[in-house]
Number of protein chains: 2
Amino acid sequence: MNEQNYPEFADVLSAAEAIEGFAVKTPLLRCDDLSDRLNAEIYIKAECLQRVGAFKFRGAYNRLSRLNTEEKKRGVVAYSSGNHAQGVAASAKMLGIEAVIVMPEDSPKMKLENTKNYGAEVITYDRETESREEIADKISNERGCIVVPSFADFYIIAGQGTAALEAVNQAKEKNVEFDLFMTPVGGGGLIAGCSLAVKKLSPKTEIYGVEPVGFNDVQRSLEKNELIKNERGGGSICDAILTPVTEKMNFDIMAENLSGVLTVSDDEALLAVKYAWEKMKLVVEPGGAVALAAVLTGKIDVTGKTVCLVLSGGNVDEDTFMKALTT
Amino acid sequence: MNEQNYPEFADVLSAAEAIEGFAVKTPLLRCDDLSDRLNAEIYIKAECLQRVGAFKFRGAYNRLSRLNTEEKKRGVVAYSSGNHAQGVAASAKMLGIEAVIVMPEDSPKMKLENTKNYGAEVITYDRETESREEIADKISNERGCIVVPSFADFYIIAGQGTAALEAVNQAKEKNVEFDLFMTPVGGGGLIAGCSLAVKKLSPKTEIYGVEPVGFNDVQRSLEKNELIKNERGGGSICDAILTPVTEKMNFDIMAENLSGVLTVSDDEALLAVKYAWEKMKLVVEPGGAVALAAVLTGKIDVTGKTVCLVLSGGNVDEDTFMKALTT
């Protein structure tokens, strides 16, 4: 990476120090059933067990902990489908910072409520017709608070990378090395950060992202080598990863480190939610389950391979969860 | 303990060696929401993430690994509401032993199916009218196989104790010492084993068991200082812990080490199942959630205390889980 101000592996290590004692070191769990079924070694990095129920706390806390005293006084504003919202709200509360969060009005009510419960001011918008960036910028201009991007940010990317740093080190403790490392992809903050750690610690590991069908901006952008927006703003059950389009910083890191991007349907994501409930005893939201869905439904051949799947979040409403259980 | 052939702390350590690499070292997770809500430090030992979805694998594997070559050839028979069944079936498969499991016909279908899937022969009986001990003894006499008790056994108790051994050591790594250690109680295998580890490593920690209302044989037995059977054989949603009555070995260990036994209703157990789903992102079965239920519903004052709650299993059918979600 030659670009200025792009995070590198050292920044992931620095993020790991910043979040130590605040973020959960989530377990790396072997999925016995799927390993047997696919003649592979399948491991799960259970980020649904992270503080706020999603990996997003890692990046948010890393970002907010870097603000200076004057910036902390000004407060922060973030836009998010819900998990980054909770990550920023919880981090802000822990660091004594005021937070305003701009969220789609169709966010799962659990995410809306949790964000409010962390003490943040929540402002809702319409995913299809309004621009969350514009709303956040307006608030920032009016109130002087600092915008905390959800994925295109040096410290956010470095923070999310700590999930992979942990996973690779936990695997080493078990004398395991990953052939494949797979995560859900929305804006590309998680996978970009993870790729910095994976490619440094385990260069031969191939990295794949997974997006919902119809919201595969990263897959198409990497294919065309330019940023291509999703046609729709909403309409998938995978609310956590419906980002309109990735951004240059994430794109460049992904273009350098990813082996490919796969897609799964909503039904396939729901199948993975049920599978994680039944076989792993973990609560995962549809958007957090897409990497598992891709493997479960044979989108990629994992025979004989050692695979790490990130289950990126577990903030899901009762209705959606029951829909998965009756799939 | 002066009784002969009762397990002691050294036997828990020996069990830990026997299951090393086969059982999951389950995570000890801080429950932020409940800690904040109760002004306490609440930790969860997530045994639902254990192999077979319940702590029972620990004792079963420890027991079966001690059989000699001749005994292994004869095979084993066990009776169980489902989690011990899966523990024995999975352990038998891993050790190349044939297993027959006697299960109530009203066991959750997930437990019946999983037990069969581990390769065990399953024989069902009526919880209300038949004696599982008699059925198992008959099979043992006819086929020459060895009965593996579900809780009243030296190696089973020692094996279950490894859950507490891990939890106390995981707490020490976090510079935490438990004031209270609480587990669900069926026959008393888990809590008896855990008490051996807790009282040795952290003598001041108070140990409480939790039973379902109407199935409080251990509570009443300890009060009367004699074994008192439950009046009913079934009829609670907490299928995992409806053991008719504890036995002398477990009773004696519990009488020495427990500070008390609490009870919760089915509705309270369901509330805890939902709570674990919403706030911990863990799938827990009603019987595995009763210790959490007792704390959630204020059955014991934990203000200012550091508490470890064992979530003992997560094998629950869709219908029961959806009932919890709509509670």
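All chains are named by letter (A, B, ...) in the order of the sequence lines, taking the proteins before the strands, and each is independently numbered beginning at 1.
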Participant: Side-chain contact test, heavy atoms from C-beta onward, threshold under 4.5 Å: evaluate it for A:Leu282 versus B:Leu282 and give yes or no.
Facilitator: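 Side chain of A:Leu282 against side chain of B:Leu282, heavy atoms only: contact under 4.5 Å found.
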Participant: For A:Tyr118, check side-chain hydrogen bond (donor to acceptor under 3.5 Å, both in side chains) against everything at least two apart and list the hits.
Facilitator: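 A:Tyr118 satisfies side-chain hydrogen bond (donor to acceptor under 3.5 Å, both in side chains) with no other residue.
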Participant: Give the interface residues of residues 309-327 of chain A toward chain B, defined by a heavy-atom separation under 4.5 Å.
Facilitator: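 Only A:Gly314, A:Asn315, A:Val316, A:Asp317, A:Glu318, A:Phe321, A:Met322, A:Leu325, A:Thr326 of residues 309-327 of chain A have a heavy atom under 4.5 Å from chain B.
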Participant: Looking at CD of A:Glu173 and NZ of B:Lys25, how far apart are the two atoms once the value is rounded to the nearest 0.5 Å?
Facilitator: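 The distance works out to 9.0 Å.
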Participant: Above 12 or not: heavy atoms from other molecules or residues under 6.0 Å from CD of B:Glu98?
Facilitator: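 Not more than 12 within 6.0 Å, no.
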Participant: May I ask you to list the residues in residues 49-65 of chain A that approach chain B closer than 4.5 angstrom, counting heavy atoms only, ordered by number?
Facilitator: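 Result: A:Leu49, A:Arg51, A:Gly53.
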Participant: List the steps, then state whether side-chain contact (heavy atoms from CB on, under 4.5 Å) holds for A:Asn114 with B:Lys279.
Facilitator: CA-CA 10 Å; A:Asn114 287 351; B:Lys279 299 293 187 188; 3.8 Å; yes
Participant: Tell me, for A:Lys174 versus chain B, whether the close heavy atoms (under 4.5 Å) come from the side chain, the backbone, both or neither.
Facilitator: neither
Participant: Checking B:Glu121 now: which residues fulfil side chain to side chain contact (heavy atoms under 4.5 Å, CB included) with it, not counting sequence neighbours?
Facilitator: B:Val100, B:Ile123, B:Arg143
